[in-house]
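Let me give you the structure first, and then I'll get to my questions.
We name chains A, B, ... by the order of the sequence lines, and we start the count at 1 in each one.
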There are 2 protein chains.
Amino acid sequence: MARPTIADIAREAGVSKGAVSFALNGRPGVSDETRKRILEIVERRQWRPHSAARALGRSSTGLVGLVSARPARTLGVEPFFAQLISGLQAGLSAHGVGLQLMVVEDTEAELEVYRSWAAENRVDGVVLLDLLTPDPRIAELDRIGLPAVALGDPARGQRISTVVADDRAATRTIAEYLAALGHTRIHHIAGLPSLRHTRRRIGALKSAADTLGLQVATTTTDFSDTEGAAATRAALTARPTPSALIFDSDLMAVAGLGVAMEMGRSVPRDLSIVSFDDSVLARLMHPSLTALSRDTFALGEQVADCLMQTVAAPTTPVRMQASVPQLVVRESTTPPQS
Amino acid sequence: MARPTIADIAREAGVSKGAVSFALNGRPGVSDETRKRILEIVERRQWRPHSAARALGRSSTGLVGLVSARPARTLGVEPFFAQLISGLQAGLSAHGVGLQLMVVEDTEAELEVYRSWAAENRVDGVVLLDLLTPDPRIAELDRIGLPAVALGDPARGQRISTVVADDRAATRTIAEYLAALGHTRIHHIAGLPSLRHTRRRIGALKSAADTLGLQVATTTTDFSDTEGAAATRAALTARPTPSALIFDSDLMAVAGLGVAMEMGRSVPRDLSIVSFDDSVLARLMHPSLTALSRDTFALGEQVADCLMQTVAAPTTPVRMQASVPQLVVRESTTPPQS
DNA sequence: GCAGTCCACAAAACCGGTCTAGTTCATCGA
DNA sequence: TCGATGAACTAGACCGGTTTTGTGGACTGC
């Protein structure tokens, strides 16, 4: 038999469509007895409301969107992304909400996706990753009225819900650890300079360095292993040579480790390495890499909660604090041997 | 002003709703002149049809689903998954179709998701990954009438669209290469034995070994770095020691490389290593890993095309052939030095 | 005893599209 | 000259829910 509709259920229960709808959504208007009877029939017939009909009636889709403007190549190697999506999706599922995914070329295409989604009522809200300085997406989402949650730390004054990742504290943790080991000349191999969190890390490292009396140099890259390797080569050729390197991603750290070995530097004896991101990779290397570790899955869940709140009350931005990542010390760091 | 509806557009153009719908969908029933006028107004007002209304009318959602029952931890490190999704999504976008993603614990939960999606009309079709032996999902999808495409090579007799990845040919490539180098004792560290492609690889390797006169042993694992490392340790302890190892994933290959180093085996002098999967990882290692490389992004696009065809004609399964992966020889393989 | 409330439900409008069954009018062939 | 044909539209049913409005009966307070 064809898929039953709410009318079939209503007929079988001897009530109107409205009564079934009320019973199903736990709203007043039906007696407990009738509600129970209706729900039993629903259960027995395995009926579920048609998502499109429901979306049309109440104008909410039960879907949120995530657009990634990262190059497809970078996408998989960074476990961060997949972990975040897993957590996000788990958090959304608890609310019966699905996740629509989109991968695009650049920010302009990303904006176009948001415009489409809003015009077609495809999603109830979106998650914003990789905040830029300045970020045109926030204003545009505000203009088209699409609820959103940003992961990071948007410029003050921007009205948008945010799960704040405290990169400053994390950065300070690394700086203090290296300073405590006795390192004084540090090179920071950072990511894309257009990203807010890259700038924040650079800024935080600078100010921590000033406080701790460290000399810090920074190179920005596009997060690729190639540029990470090139930057490492340059950093190790410069005089005076740094005794420790900080990498913004574990992939670059792995590439950097390879370069160091090629150049005859023994890690950690001649050179200490710290990564801003942790994953199986950092654990698997020889030597294994000291890294900042965070529970990305839990972060995703938090973003999901934040987004659900924002979708429910779009006019009042929510601000949440992500837990501060912990430094996991492994084999790649040691006091300098000079 | 509120979002315009098709009625607003019709009013402005001085035609009926039906005419606008026809013009928009490129169907006959309106003159070229009128069509042009309508489309101009649509463009100027930036109107887009409401996805739910459209879905309700024509009962198609413009969405396909992908469920992953892999553990969340494994999910990110394997670049395969992200690459495939990127390609899949790109291929779907060309048809104006979106991708809904779901991560679940196990196959039972995955089946439940399919049932929900079908009952609620949430997606037009789904993509099936990691085929099992036997795979309960195929029969269930058939039962609930949800169009699907499988990636791999389902058991004969199962009616389902498939993008066939020729693991046999790929496996033979590896075996012949190692045989040509002069290796005779090979250990294969495989993935989950419940996966069809794991079995296929094991089988293909056995038969290739028979033909080529190789001695092949196999250990199955859960794809994790931990089990990969343990299996490597066991393989290198056994007598006679294998002169070459084949890993089913690059993550396990990396773990295995580490174990080999710990045990004092120099790669490739004392031991050759080949990986079934290629990614940045395999390139970054020291020594870099010889690996089977395939264009996963293109594979995703192919799966998208296959799914679109299947959704259009659900009763006639489509069978496509994925391109055979190429062996990329790097530093981890060499003739045995005995 | 009776108007006023409240409850439980039915009936119908509505969401914003698609699609079918007419209707009108110009064109064509005999 | 007139019916047949078909192109170009219109009107309205329809998709399957949600939400509003209406209604009969039980219960309340005075």
Backbone N/O of A/Pro317 and side chain of A/Arg159: donor-acceptor pair under 3.5 Å |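 Not a single qualifying donor-acceptor pair exists.
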B/Arg44 and B/Glu12 ion-paired at < 4.0 Å |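 Yes.
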Between the side chains of A/Thr61 and A/Asp124, is a donor N or O closer than 3.5 angstrom to an acceptor N or O?
->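 Yes.
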Pair of N/O donor and acceptor under 3.5 Å linking D/dG12 base with B/Lys17 side chain =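 Side chain to base: no pair present.
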Between A/Ile6 (CD1) and D/dC14 (P), how many Å, whole number?
->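 Spelled out: CD1 on A/Ile6 to P on D/dC14 is 18 Å.
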To the nearest angstrom, how far is B/Asn121 atom CG from D/dG16 atom P?
->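 One finds 9 Å between P of D/dG16 and CG of B/Asn121, rounded.
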Does B/Glu112 CD have over 12 foreign heavy atoms under 6.0 Å away?
->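 Yes.
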Nearest to the side chain of B/Thr5 - C/dG17, C/dT18, D/dT19?
->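 Ranking C/dG17, C/dT18, D/dT19 by closest atom to the B/Thr5 side chain puts C/dG17 first.
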Just how far, in rounded Å, is C1' of C/dG16 from CZ of A/Arg54?
->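 Distance, rounded to whole Å: 18 Å.
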Interatomic distance, A/Arg27 CZ vs D/dG17 P [rounded to whole Å] =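 Checked: the CZ to P distance equals 16 Å.
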For A/Leu24 and D/dG17, what is the distance between atoms CG and P respectively, to the nearest whole Å?
->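 It works out to 9 Å between those atoms.
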Minimum side-chain heavy-atom gap B/Pro136-B/Glu108 below 4.5 Å =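 No, too far: nothing below the 4.5 Å cut-off.
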B/Glu33 CD to D/dA8 P, straight-line distance once rounded to whole Å |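 Result: 11 Å.
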Distance test, side-chain N/O of A/Arg3 to OP1/OP2 of D/dC15, below 4.0 Å =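 No, A/Arg3 has no side-chain N/O under 4.0 Å of OP1/OP2 on D/dC15.
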Is the number of heavy atoms from other residues, nucleotides or ligands under 6.0 Å of B/Gln321 CD greater than 12?
->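 Enclosed: over 12 neighbouring heavy atoms sit under 6.0 Å from CD of B/Gln321.
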Among D/dG17, C/dT18, C/dG16, the nucleotide that comes nearest once only the side chain of B/Arg58 is considered =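 Side chain of B/Arg58 sits closest to C/dT18.
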Measure all distances between protein nitrogen or oxygen atoms and nitrogen or oxygen atoms of nucleotides 7-9 of chain C, and list the pairs falling under 3.5 Å.
{"residue": "C/dC9", "atom": "OP1", "partner": "A/Thr34", "partner atom": "OG1", "Å": "2.6"}
{"residue": "C/dC9", "atom": "OP2", "partner": "A/Ser31", "partner atom": "N", "Å": "2.6"}
{"residue": "C/dC9", "atom": "OP2", "partner": "A/Ser31", "partner atom": "OG", "Å": "3.1"}
{"residue": "C/dC9", "atom": "OP2", "partner": "A/Thr34", "partner atom": "OG1", "Å": "3.1"}

Closest to the A/Trp47 side chain, choosing from C/dG17, D/dG17, D/dT18 =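 It is D/dG17.
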Are B/Asn25 and B/Arg54 linked by a side-chain donor-acceptor pair shorter than 3.5 Å?
->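 Distance-only check passes for B/Asn25 and B/Arg54.
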Specify the separation, in whole Å, of atom CG of B/Leu56 and atom P of C/dG17.
->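 Going from B/Leu56 (CG) to C/dG17 (P), I get 12 Å.
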Is B/Asn25 touching bases, backbone alone, or none of the nucleic acid, heavy atoms closer than 4.0 Å?
->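 Since only primed, P, OP1 and OP2 atoms lie under 4.0 Å of B/Asn25, the category is sugar-phosphate.
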Value in whole Å for how far the P atom of D/dT18 lies from CZ of A/Arg48 |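 Atom CZ in A/Arg48 sits about 13 Å away from atom P in D/dT18.
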